[in-house]
Each structure stands twice: as structure tokens, then as C-alpha cells.
Amino acid sequence: MRLDRIIRGSGVEMPGGITGPDITAICNDSRKVIPGALFVAVKGFASDGHDYIRTAVRNGAAAVIYQDSDALERQTQGLEQPGTIFLKAGSSRHALAIAAANFYGNPSHRLTLVGITGTNGKTTTVTLLYRLFTSLGYNCGLLSTIANYVGNRRHEAVNTTADPITINSLLAEMADCGCEYCFMEVSSIGVEQERVAGLKFKAGIFSNLTHDHLDYHKTFAEYLRCKKLFFDSLPQDAFAITNTDDRNGMVMVQNTRAKVITYACRSIADHTCRIIEENFDGMLLKIDGHEVWCRLVGRHNAYNMLAIYSTALALGADTEEVLVGMSTLEPAPGRLETLTGPNDIAAVIDYAHTPDALENVLATLRDIAPERPLICVFGCGGDRDRTKRPEMAQVAQRMADRIIVTSDNSRTEKTSAIMDDIKAGMDISGKAKSLFIEDREQAIRTAIMTAPQGSTVLLAGKGHETYQIIGTEKRHFDEKEIVGKIFEEMGHSDVARKKTAEK
């Protein structure tokens, strides 16, 4: 594709009368530049693409989009640049997103793209929408924290919202293989960094807004603003589907051009829901007067299911078919996954890593089995928002009978320092019922081996992740494997029974 067509609408202009060369690839990583490629220099959170312009040119870049003129001068001083075209952008992030969309043929216009933003519930909602619409007979795509799917082909995911090149290449692959829908997580960081600029969304969903990512956004007001930008950018023919039980639900859509659809479990809305009964196997919901049994549990999942229902109807699906499909949906990986073991111990694995998410999960486990002792194992990620650490400690102290504080993805922080931040949120009573064990596997083993009969042991924070990041090393760490091994050592487990049956 010619360079002038790629940059159309990006705010970047070609030198007078020049259409530019045919571009072979678009890159924001100089290591991936091939001869004839367009390299876009973007200043990132950890590194600055402008520092790699020299490498990109040497690797054969036909054109470079940049934002920082001083950096360009430093990088090109004394550099042979035969034929390389340099184009200045007001925002290289915005230019990258628009150029990527153009390069891949604006694939979001060739399918129905649905995005969800919010602090909690994004992964569950998009995953189950993908599964629901697949069960209804549609060819679908999924862009999520856990994995990306093109039809039934899995691609590994790195970020909640990928970079614009990855997003558009995957959307193009979906459109080319006949996908009619794509369901996508949209993070606040992804919005702020314009990774979704140039995409055409048919629907945007708001789940909730609580404490998270303040290490990046610095203030809650800025966090809210970035979420709201997603709805501000929706086109007039789109749907803005919002949770009005959240105090920011209507704030999100106050400036949107899209048609607003509301859902709620505690107030009047276009679509409403209440929990009739629940246990570890699922819950019976009443949605808009229809009863449906689903295999998820918890008030937070009632909201997720209602968001799925509201979205499906907005997209024109049949009510009865949607309800039947919802009754078959399995939870997303690492979301309230339960393994049972000896002494009637239930180990529950969940991704809860914010104060609100941890409170939702603990409240759900209390509601389902109020008589069972409740043990909470959790940690907090390193190099991330420190202010939520004492808040999570306060939630655990208030709602759990016993607590074991341990590591999560400590990254380059000392685990002991993270645990000290958590401990600072506890009073004397909280510390008295807590153990502090740095090694997460040992913490899990201690929690299960010392649990009273009939206990529920919540392992919070890792969920679907099968790794742990300590320092800069990414180590294999699968909590389902660990729990299964501990239960097998104890002589009884779901996993042990399954292995026996397979022999």
C-alpha cells in the first residue's frame, strides 16, 4: 500500500506532491523493521521509540513517523539515509493507530466490534459473549487478557489491550476468515495511549469503576476520564451499554453520541436482574422476568450475565435463544474456579487483584456457604499501584476468618516490602489472624494443609495466569497444578479422580 494512503486521516502530511513508496510493513519496534517498512517512533511507558530511529533506518525503513524533532536530529546525525522519508506527527501514538488501521484495510468496518471497559468483569464478559455468539452459530473473534481467538484459533495475549498493529492485524485476520463479531477488552491505558483510535465499535459496555491502575493514571479522576473517552468516541449508530448501579455509570455516557442502554440489579433500568438462589454450582437469575440458571456464582457475575444479555439483545439476538445459550456458559478461566479435596476443603482460584474484586469474591463465598471457615491467600503485584495494598488488607481482615499474605508478581520490588505495605492496612486483630509467607506455593500448601474441615480456601490474584514474575524472571506457576498436587498428596481430589478415571 502506498504511504500516502496509509497516513490518510492520521494528522501526518506528505511533502508536497509526493505519494510516497509502497510500504511492505508497519512497525513500532525497530527490531521488526524490514526493507520498505514504515517505522513509527512512539514514546512508551518504559522506552522511547525515537531512540531507535537510527536502527530502523539501518534495517531498511522506507519511512519514519516521529514526534520529537530533537530526537530525530540526534538519531540521524551522520547517518546515511538513502530515500528514507521522515514525517512529523502531532501525536505519533495517534498516527500509529490510524496508519495501522489503514494498512490493514480498516478491518473493524468489516465486522461488528464490541468493546467493554471497566475495572472488573471485562475478561468474563467478553469471553462469555464470544462463547454465546459462537453457540448461536456465528463465527467470532475475541481480544482479551487471557487469549485472543480468530474463530477457534488461539493467539497468545500480552496486554489487556494490544498495540494498534496487533489489534488491526488480528481484526483483519478475523474479517478475512469470515468472522461476523469480535468482542474486545478495552483498558483505560489502551484508551489513553490511543491503541483503539481508528476502530469502529458497534457497542461499548461499561461494567464498573473502582480502585486500580493509579500507578499509571495517578488520580481516580484521570482514570475515570480515560474510561469515559471510550464512550465519547462511539459513533451515533452504536450502543452505549452501562451499569447504572455504579455511581459512574451515567457519567460514562453523558457525552456519548451512541444510543444508551442501561442495566442494573438494584435500580430501575432497561434491563434488570436479581439472584433467586445460588450455590457452588451456579445461580438462578431472574432477568427481565425470565428465569435462567447459569453456572457462574456471585453478585458480580449477575452483573456480568446481565451485561451479556443486554448486549446480545442490542445486537439483535433472539431473547429465548440468548437465555438458553447463557444457561450453558462456563466461567472464564481463573474466575471462581473450584477444586474440592479431602476433609471437604474447597480451593477457589480467582483473578481478584483489586480491593473491589477481592470483596466481591469473598462476599460471594460467604453468601454461598456462610457456615464454612473462609481462608484468604493473596498478595499484590510489584511495580504497580501501591495504594491498593492496604485497602486489600482491610477487605481481607473484614471478611476472612484467616489470612495468608504472600507474593503475587513481585517483579522488581522486594516481596517483603510489598507485604509490609499490605500489613500496614491491618489493625491488631487483622495481624493476629494472619500469616506472612513469601513463597506463594508454600503459602498455598500451608493454607490447605492447616484448613479446618469444611473450609473454603480462596487463592486470589493469579487466576488464569500460569506464571509468576519475580525480578525479571517469568517462572512457571499454575495454581491448579499446585492445588491438585497438594490434594493428591492428601489422597483425594477432583484432579486425582480424573486421573484415575483416565487410566
Side-chain angles (χ1 to χ4, degrees), residues 119-120 208 210-215 220 223 298-300 336 345-452 454-463 465 468-470 477 479 482:
T119 305
N120 301 310
N208 50 65
T210 61
H211 191 149
D212 201 14
H213 297 307
L214 297 194
D215 56 310
F220 188 83
Y223 181 40
R299 178 170 51 89
H300 59 296
L336 282 172
I345 294 171
V348 180
I349 298 170
D350 194 88
Y351 190 52
H353 61 283
T354 67
D356 182 68
L358 185 61
E359 183 167 359
N360 283 335
V361 173
L362 288 170
T364 295
L365 297 177
R366 279 290 188 210
D367 289 343
I368 292 172
E371 76 289 348
R372 293 173 67 95
L374 181 54
I375 302 166
C376 178
V377 180
F378 81 101
C380 291
D383 303 332
R384 296 294 187 268
D385 184 1
R386 292 183 59 184
T387 61
K388 70 182 180 183
R389 296 171 186 174
E391 293 186 16
M392 291 183 71
Q394 291 161 15
V395 170
Q397 173 182 298
R398 187 173 71 253
M399 304 188 71
D401 297 310
R402 290 175 57 191
I403 303 165
I404 298 183
V405 177
T406 187
S407 59
D408 195 295
N409 293 323
S410 298
R411 300 183 178 88
T412 62
E413 278 194 78
K414 288 186 177 180
T415 300
S416 58
I418 297 171
M419 292 168 64
D420 285 343
D421 286 343
I422 295 171
K423 186 186 294 187
M426 297 179 178
D427 61 22
I428 294 175
S429 65
K431 293 172 184 174
K433 62 180 180 181
S434 298
L435 292 175
F436 296 83
I437 302 173
E438 288 194 27
D439 184 277
R440 191 173 178 100
E441 182 170 353
Q442 186 58 45
I444 294 169
R445 181 174 295 276
T446 300
I448 292 173
M449 298 290 284
T450 63
S455 293
T456 301
V457 180
L458 172 64
L459 311 179
K462 298 294 294 171
E465 294 179 350
Q468 191 174 24
I469 303 172
I470 306 295
F477 191 92
E479 291 192 333
I482 291 167

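Owing to the predicted nature of the structure, the values given are computational and were not obtained by experimental measurement.
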Closest approach of [X] to [Y] (non-hydrogen atoms, all atoms of both residues):
X: D385; Y: K388; answer: O-CG, 3.5 Å
X: H353; Y: A357; answer: N-CB, 4.2 Å
X: S416; Y: E438; answer: CB-OE2, 3.4 Å
X: C376; Y: L362; answer: CB-CD2, 4.3 Å
X: G298; Y: T364; answer: CA-OG1, 3.2 Å
X: A352; Y: V361; answer: CB-CG2, 4.1 Å

Is there a donor-acceptor pair closer than 3.5 Å between any side-chain N or O of [X] and the backbone N or O of [Y]?
X: D408; Y: C380; value: no
X: T406; Y: G379; value: no
X: K433; Y: A400; value: yes
X: N409; Y: I469; value: yes

Does a donor on one side chain and an acceptor on the other come within less than 3.5 Å for T450 and R402?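 On atom types as modelled, these side chains qualify, holding a pair under 3.5 Å.
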Indicate whether any N or O donor in one side chain lies under 3.5 Å from an N or O acceptor in the other, for D356 and N120.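 A pair is found: one side chain offers a donor N or O, the other an acceptor, under 3.5 Å apart.
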With sequence neighbours left out, write down each residue that passes ring-ring contact (aromatic ring centres under 6.0 Å, His included) with F378, or none if nothing qualifies.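 With neighbours one apart ignored, the set is empty.
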Would L458 and L358 count as a side chain to side chain contact (heavy atoms under 4.5 Å, CB included) if you check the C-alpha gap in whole Å, the side-chain angles of each, and the deciding distance to 0.1 Å? CA-CA 10 Å; L458 172 64; L358 185 61; 4.0 Å; yes
I'd like to know whether E359 forms a side chain to side chain contact (heavy atoms under 4.5 Å, CB included) with T210, so could you lay out the CA-CA distance, the side-chain angles of the two residues, the decisive distance to 0.1 Å, and finally the verdict. CA-CA 12 Å; E359 183 167 359; T210 61; over 6 Å; no
Can you sort out the partners of [X] under salt bridge (Lys or Arg N to Asp or Glu O under 4.0 Å), two or more places apart, ordered by chain and number?
X: D401; result: R366
X: R299; result: none
X: E465; result: K462

Name all pairs fulfilling the salt bridge (Lys or Arg N to Asp or Glu O under 4.0 Å) condition that reach into residues 416-427, sequence neighbours left out, sorted by first residue then second.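 Sorted pair list: R386-D421, R389-D421.
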Working to the nearest 0.5 angstrom, can you tell me the gap between E479 CD and L459 CG?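 If I round to the nearest 0.5 Å, the distance is 5.0 Å.
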Does any non-hydrogen side-chain atom of [Y] lie less than 4.5 Å from one of [X]?
X: L374; Y: M399; result: no
X: I448; Y: I375; result: no
X: V395; Y: R398; result: yes

Can you sort out the partners of S407 under side-chain contact (heavy atoms from CB on, under 4.5 Å), two or more places apart, ordered by chain and number?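 Checked S407 against side-chain contact (heavy atoms from CB on, under 4.5 Å); matches are S410, T415, R440, Q468.
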